[in-house]
Amino acid sequence: MAEKGILYLCATPIGNLEDITLRVLRVLREADLIAAEDTRHTRKLLAHYGIRGRLTSYHAHNAKKKSEELLALVRAGKQVAVVSDAGLPGVSDPGAELVARAVAEGLPVVALPGACALVTALVVSGLRTDRFVFEGFLPRRGRKKALARLAREPRTIILYEAPHRLLQTLEAILAELGDRRVAVARELTKEFEEVYRGTVGEALDHFRAQPPRGEITIVLEGAECGAREDPGEKNGLAAEVREAEARGLSRVAAIKEVARRRGLKKRELYRVLLKEKGEA
């Protein structure tokens, strides 16, 4: 029986071609097959380093069929290197499914660390880095609902977004989560890299005036108090309801708006208001 091969997950540059490890370059040279999200993109990287590797495409549209082919090679003792267009394969791409199948079969899987857009954006954001949550791309449908679930998330929130949807996403964040601090990083490590830091409202003004281009990572400040013990304390839920009422909304409409924004049920807010009234 042939000895099992290895499935390598190779981190590739997210922009600057120099952001690649010597180990990844060696594995790409030695691999029996390189599975690439976009073979044209990967061919440019290989050419830059004088690597002549055998390439095959592996992306969301052929992942089911190609996964079996790639795992068959690993079973046969071959070395298969998986790369995405940028960063670590398995993060917001079909590589995660391939790894899950390989692990289930007991096949060797080795990750070669390197560039990663979400971590790179986080560390330059100026926001908290000790605790964070990565949400990837927000769903095109149900975006507001997804954001509402994050309303009380105290950790720094990291999102990926396409440039043509950035304004829509920032508008949704402002409506659902409020005007928090944010860092919008685009074209990371490339010639025209930009990291815009400010509030969500300020970022909207900036990118309305200067339409964004390139890959984008959004790093958003978490909820100030998160899951506070007493949601009715000063500047808490009850204060938000009063603020909505001050804008002209009826009591019922104000409670509905705050409940939606915070991802809560209306009866939870009613309990908070009743408690505050009793204490008063």
Side-chain angles (χ1 to χ4, degrees), residues 11-20 84-93 113-140 142-228 235 240 261-263:
T12 52
I14 60 176
N16 193 310
L17 291 180
E18 294 180 0
D19 294 333
I20 192 167
S84 64
D85 285 349
L88 275 166
V91 179
S92 291
D93 71 31
C116 181
L118 74 93
V119 176
T120 303
L122 174 66
V123 297
V124 299
S125 68
L127 300 175
R128 290 186 59 174
T129 61
D130 55 336
R131 298 178 67 214
F132 62 91
V133 57
F134 174 59
E135 290 290 319
F137 288 92
L138 290 174
R140 295 186 184 183
R143 177 175 308 205
K144 289 185 177 181
K145 188 175 180 180
L147 285 171
R149 288 197 298 269
L150 296 170
R152 293 189 290 173
E153 171 58 66
R155 295 170 292 182
T156 300
I157 300 165
I158 305 173
L159 306 169
Y160 284 163
E161 193 50 277
H164 65 279
R165 288 197 300 267
L166 177 62
L167 293 179
Q168 182 182 4
T169 295
L170 290 175
E171 288 169 353
I173 289 172
L174 185 60
E176 300 298 322
L177 306 183
D179 202 13
R180 306 180 181 185
R181 290 190 299 160
V182 70
V184 180
R186 67 176 195 86
E187 295 287 80
L188 283 171
T189 78
K190 298 179 183 178
E191 182 179 358
F192 299 106
E193 172 180 306
E194 176 188 16
V195 181
Y196 181 85
R197 303 175 184 88
T199 66
V200 177
E202 290 168 346
L204 267 170
D205 291 339
H206 174 79
F207 288 108
R208 281 172 180 149
Q210 301 179 45
R213 295 181 180 180
E215 300 298 322
I216 290 172
T217 304
I218 300 171
V219 185
L220 182 67
E221 182 178 40
E224 183 178 353
C225 298
R228 54 174 67 91
N235 296 325
E240 290 186 36
R261 186 166 63 228
R262 290 296 200 109

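Computed from a predicted structure; not experimentally measured.
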Do other residues, nucleotides or ligands put more than 12 heavy atoms under 6.0 Å from Glu161 CD?
yes

Go through the steps to decide whether Arg180 and Ile157 satisfy the test side-chain contact (heavy atoms from CB on, under 4.5 Å), and finish with yes or no.
CA-CA 11 Å; Arg180 306 180 181 185; Ile157 300 165; 4.2 Å; yes

Is it true that, when you exclude Lys190 itself, more than 12 heavy atoms of the residues, nucleotides or ligands shown sit nearer than 6.0 Å to its NZ?
yes

Of all heavy-atom pairs between Val184 and Ala203, which one has the smallest distance, and what is that distance?
CG2-CB, 4.4 Å

To the nearest 0.5 Å, what is the distance between CG (Leu138) and CD1 (Ile173)?
7.0 Å

Glu193 (side chain) donor-acceptor with Thr189 (main chain) under 3.5 angstrom
yes

Do you know which two heavy atoms are closest between Pro212 and Leu166, and how far apart they sit?
CG-CD2, 3.7 Å

Rounded to the nearest 0.5 Å, what separation is found between the CD atom of Glu176 and the NZ atom of Lys144?
6.0 Å

To the nearest 0.5 angstrom, please state how far the CG atom of Leu159 sits from the OG1 atom of Thr217.
9.0 Å

To the nearest 0.5 Å, how far apart are CG in Leu170 and CD in Glu202?
12.0 Å

Measure the spacing between OH of Tyr196 and CG of Asp205 and express it to the nearest 0.5 Å.
7.5 Å

In Å, rounded to the nearest 0.5 Å, how long is the span from CG of Leu204 to OG1 of Thr199?
8.5 Å

On a heavy-atom basis, which atom in Leu177 and which in Leu147 lie closest, and how many Å separate them?
CD2-O, 3.3 Å

Applying the side-chain contact (heavy atoms from CB on, under 4.5 Å) criterion to Ile158, which one of Leu220, Leu118, Val133 satisfies it?
Leu118

Between Phe134 and Tyr160, what is the ring plane arrangement, given parallel below 30°, perpendicular above 60°, and tilted in between?
perpendicular

Report yes if the side chains of Phe137 and Arg165 come closer than 4.5 Å at any heavy-atom pair, otherwise no.
yes

If you compare all heavy atoms of Ile14 against all heavy atoms of Thr120, which two are closest, and at what distance to 0.1 Å?
CD1-OG1, 4.0 Å

Would you mind checking if Glu221 and Arg181 are paired as a salt bridge, meaning a charged N to carboxylate O distance below 4.0 Å?
yes

Determine, for Arg143 against Glu171, whether the closest basic-nitrogen to carboxylate-oxygen distance falls under 4.0 angstrom.
no

What pairs of residues pass the salt bridge (charged side-chain N to carboxylate O under 4.0 Å, His left out) test when at least one of them lies in residues 115-135, not counting sequence neighbours?
Arg128-Asp130

With sequence neighbours excluded, tell me which residues meet side-chain hydrogen bond (donor to acceptor under 3.5 Å, both in side chains) with Arg197.
none

Decide if atom CZ of Phe207 counts as having more than 12 heavy atoms of other residues, nucleotides or ligands within a radius under 6.0 Å.
yes

How close do Thr156 and Val219 get, counting heavy atoms only, and between which atoms?
CG2-CG1, 3.5 Å

Smallest separation among heavy atoms of Leu88 and Pro113, with atom names:
CD2-CA, 4.4 Å

Between the side chain of Asp179 and the main-chain N/O of Gly201, is any donor-acceptor distance below 3.5 Å?
yes

